[in-house]
Amino acid sequence: MGVRLGLVAKLAGMAALMGLLTGGLLGPSFGGAGVMAEDAAAQMSPAKLAEPPLPQVSTILAADGSRIASFYYENRTDVRFDRIAPLMRQAIVAIEDNRFYQHGALDTQGTMRALVRNQTSGGVVQGGSSLTQQYVKNVLFETAGTRVAVAQDQLRNAGTKSAKAQAKAALKDAQDAQNSTIAPKFSRKLQELRYALWVEQNYSKNEILAKYLNIAYFGHQTYGIEAAAQRYFSVHAAELTLPQAAMLAGMVNNANQYDPVAHPEVTLRRRDAVLDRMAQHRDITAAQATAAKAKPLKLRSKVPGGGCDGVRYAYFCSYVQNDILNNPTFGATADARRNLLDTGGLTIKTTLDPQAQDAAQRAVDSGSSRTSSKVTMEAMVKPGSGEIRAIAISRRFGLGKHLSAINYAADQAHGGGYGVQAGSTFKVFTLAAALADGYPVSQSYPTPTSMTISGFSTCGGDGRGTWTVANAEKSKSGSMDMATATWDSTNTYFAQLERSVGLCKVAKMAAAFGMTAPNGKPLAQVPAFTLGSNEIDIIHEAAAYAGFAASGRYCSPTAITGIAGPQGTQLNVPSAGCRQAVTPGVANQVNQLLRGVLSKGTAVGNTIPGRDAAGKTGTNENLVTAVFAGYTPNLAAVLWTGDPSAPYGDPVNKYGSSLAPLWVRSFQGALSGQPAPSFP
């Protein structure tokens, strides 16, 4: 008897509570609650719900529109109501809130029924929240979760003790706020109801249903119905079938318990319960439910993956990722930029040409083993625009043995390392500086096998003493002119030409074509400048050669052509900053001289049938590394081989000319089907 009386007392108390709630929601006169109802009505006035944008997936696209990679904090892609299959909409309403289209913010019948069942069973067996209330709860949880993620990023990046202390305090506050959204407090429930009332007053039922389906969690870091349809069935939300829709609708109650990957039998029973509920509410016929229950789950899982690890064009992906994370154009702080990439739902259009990338990758893979300490790499840039068409490295991207997360082809701002030496490919800047200063191609110097030379000074007027320079091979004659010395890559000739023109002018010419150290600082002005003694990155050098191919118009290397937000809003992207680095006449003279390298010089025989082409070989001292720069009027590239982690270690025993056949092979593939213009 005592137990019964206790139950009756509990139910009476709940009835009084419901009188307050319904009185507040449906009007002060509801149920004759009198003064108490008036107080409840004041408490239950609508409260505007802050709805910050939900985290969305950002996608990187190649130039042809194909997907390269995705970045996300939560795997979610919002879709409109009309892009969700009607069966999916019916399934979620049937199992979660079958009176959704009949009640307001609070379903009094459902709430009372749930309270009675939960109390009589001694536990929570049925929920009473409407879909609107569930949407509100998810919004509050997401907002708090974003605060937690931001605080975690701040803690990871904090450099000082005080910054770490502040970040820890912010993280604790954010975690407390997140925990409060799931704490069973009456005051919190009242506030959620006020938010729900505002939502009902400001959105149509269809809009609320779409909002709920876009925020709901479906397990495996998958949020929203579009991402769930893709994750489990490899279809869009608009294409979901009846069995698929029923399974996904059943998951939102408890995505871990009804995980079709980990618990297929439990998930199948839950799916069938949804089908029965749909038949009960006449969304489908009993026959349709029976037919659907006869079908297996039949998952076609598509694990989306995030970031660059494991994607096909990983080094290019890494370049784009670092371009966004390290460029103030995309946010004032590192946290803001990372948040933009991981949650902003960006569509990032890039310059990558899959045809060129695949051709370059095949070439470098043929030049080095994936398990070798030696690396072969190639960067391709389009003349006249600076667009990076390919970044190919023989070592695969990632962490672990025989892998690398360092983009050896790039500068440090884009995930690169300490750089590599360019060797004699840097002679092009001495050549251009001399021609720009009026030196004729007939300019002659004696070319002994070795010589000691002095008279070099920097732009600041500092003298550089003496320099002993030697040719890679014995001199073929007592003296040479500019053309012959270029074709044969004669070091003693270019040492004298650099001294005559002036080390400062040569360094300025290289700077005009975008050449800096990998950390972005100016190159060291030393006598061996013309022999490529400075560390550089090959992407910027490929852009420099592209500048010569474009008649002297230099454009800094760019990987991003456009970025659109979820609503199509266009974001600013870095400009290539194209400029005339040298006159077209000088650039075209350089091009004609470097054509001879392929027809009669150090890379003789490495021409591309049917195309004008030019190039320059480079070899570092003791054959430790080898370089080749080659270009046509519509594509430029630099290839490099060696051990980037030990640039002065074991030799590759190769000259730059050994890379020329790889360059020919890569360009034949990259330019297949492309026009074949001529140099002026």
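Side chains are part of it too, since the values below use all heavy atoms of this structure and drop only hydrogens, waters and symmetry mates.
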Can you check whether [Y]'s main-chain N or O pairs, donor with acceptor, with [X]'s side chain at less than 3.5 Å?
| X | Y | answer |
| --- | --- | --- |
| Gln133 | Leu193 | no |
| Lys205 | Phe100 | yes |
| Ser556 | Ala576 | yes |
| Thr569 | Gly565 | no |
| Ser130 | Ala105 | yes |
| Ser70 | Gly306 | no |
| Thr351 | Ile388 | yes |
| Asn214 | Gly224 | no |
| Arg389 | Leu352 | no |
| Thr222 | Phe218 | no |

Looking at [atom1] of [X] and [atom2] of [Y], how far apart are the two atoms once the value is rounded to the nearest 0.5 Å?
| X | Y | atom1 | atom2 | value |
| --- | --- | --- | --- | --- |
| Ile84 | Leu213 | CD1 | CG | 5.0 Å |
| Thr347 | Ile563 | OG1 | CD1 | 9.5 Å |
| Lys298 | Thr241 | NZ | OG1 | 9.5 Å |
| Leu49 | Thr132 | CG | OG1 | 11.0 Å |
| Ile208 | Tyr203 | CD1 | OH | 9.0 Å |
| Asn326 | Gln321 | CG | CD | 9.0 Å |

Is any side-chain heavy atom of [Y] closer than 4.5 Å to one of [X]?
| X | Y | value |
| --- | --- | --- |
| Asp97 | His103 | yes |
| Ile92 | Val252 | yes |
| Pro574 | Phe330 | yes |
| Leu197 | Gln201 | yes |
| Gln134 | Glu96 | yes |
| Leu340 | Leu571 | yes |
| Thr561 | Val573 | no |
| Met247 | Pro260 | yes |

Checklist entry - Do Ile560 and Ile348 pass the side-chain contact (heavy atoms from CB on, under 4.5 Å) test, and can you show the C-alpha distance, the side-chain angles, and the key distance before you say yes or no? => result CA-CA 7 Å; Ile560 300 173; Ile348 305 164; 4.1 Å; yes

Checklist entry - Would Leu87 and Leu240 count as a side-chain contact (heavy atoms from CB on, under 4.5 Å) if you check the C-alpha gap in whole Å, the side-chain angles of each, and the deciding distance to 0.1 Å? => result CA-CA 8 Å; Leu87 286 168; Leu240 288 166; over 6 Å; no

Checklist entry - Given the rule in the side-chain contact (heavy atoms from CB on, under 4.5 Å) test, do Tyr72 and Asp342 qualify, once you have shown the distances and angles that lead to the verdict? => result CA-CA 4 Å; Tyr72 56 83; Asp342 289 347; 6.0 Å; no

Looking just at side-chain N and O atoms, do [X] and [Y] make a donor-acceptor pair shorter than 3.5 Å?
| X | Y | value |
| --- | --- | --- |
| Glu207 | Tyr212 | no |
| Glu74 | Gln221 | no |
| Asp335 | Thr333 | no |
| Asn327 | Thr329 | yes |
| His414 | Asp323 | yes |

Checklist entry - Are Ser66 and Asp64 close enough, and set up right, to give a side-chain hydrogen bond (donor to acceptor under 3.5 Å, both in side chains), and what steps lead you there? => result CA-CA 6 Å; Ser66 59; Asp64 64 358; 2.7 Å; yes

Does a sphere of radius 6.0 Å around [atom1] in [X] hold more than 12 heavy atoms from other residues, nucleotides or ligands, not counting ones at 6.0 Å or beyond?
| X | atom1 | value |
| --- | --- | --- |
| Arg67 | CZ | yes |
| Asn572 | CG | no |
| Glu265 | CD | no |
| Gln570 | CD | yes |

Mind jotting down which residue pairs meet the side chain to side chain donor-acceptor pair (under 3.5 Å) criterion with at least one end in [range]? Sequence neighbours excluded, please.
| range | result |
| --- | --- |
| residues 304-318 | Arg312-Asp358, Tyr313-Asp358, Ser318-Asn322 |
| residues 250-261 | His220-Asp259, Asn254-Gln257 |
| residues 269-283 | Asp276-Lys293 |

Please give me the minimum heavy-atom distance between [X] and [Y], naming the atom from each residue.
| X | Y | result |
| --- | --- | --- |
| Phe71 | Gly307 | CE2-CA, 3.4 Å |
| Tyr319 | Asn407 | CB-ND2, 4.1 Å |
| Ala69 | Val311 | CB-CG1, 4.0 Å |
| Ala216 | Asn138 | CA-ND2, 4.5 Å |
| Ile95 | Ala249 | CG2-O, 3.8 Å |
| Ala62 | Pro354 | CB-CG, 4.0 Å |

Next on the checklist: Does Arg89 qualify as a cation-pi partner of Phe81, given the criterion of NZ or CZ under 6.0 Å from the six-membered ring centre and within 45 degrees of its axis?
Outcome noted: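 Output yes; distance and angle both within limits.
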
Checklist entry - Can Lys48 be said to sit on top of Tyr195's aromatic six-ring, NZ or CZ under 6.0 Å from centre and within 45° of the ring axis? => result no

Item to check | side chain to side chain donor-acceptor pair (under 3.5 Å) involving Asp78 - partner list, sequence neighbours excluded | outcome: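 Partners of Asp78 by the side chain to side chain donor-acceptor pair (under 3.5 Å) criterion, ordered by chain and then number, come out as Gln56.
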
Item to check | Any residue meeting side chain to side chain donor-acceptor pair (under 3.5 Å) with His236, in chain and number order, not counting sequence neighbours | outcome: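 Side chain to side chain donor-acceptor pair (under 3.5 Å) check on His236 returns Glu226, Gln230.
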
Checklist entry - Who are the side-chain contact (heavy atoms from CB on, under 4.5 Å) partners of Ser385, not counting sequence neighbours? => result Lys382, Glu387

Checklist entry - Could you go step by step and tell me if Lys137 and Glu192 meet the side-chain contact (heavy atoms from CB on, under 4.5 Å) rule? => result CA-CA 7 Å; Lys137 185 173 182 178; Glu192 286 181 6; 4.1 Å; yes

Next on the checklist: If the threshold is 4.0 Å, N to carboxylate O, is there a salt bridge linking Glu142 and Arg76?
Outcome noted: yes

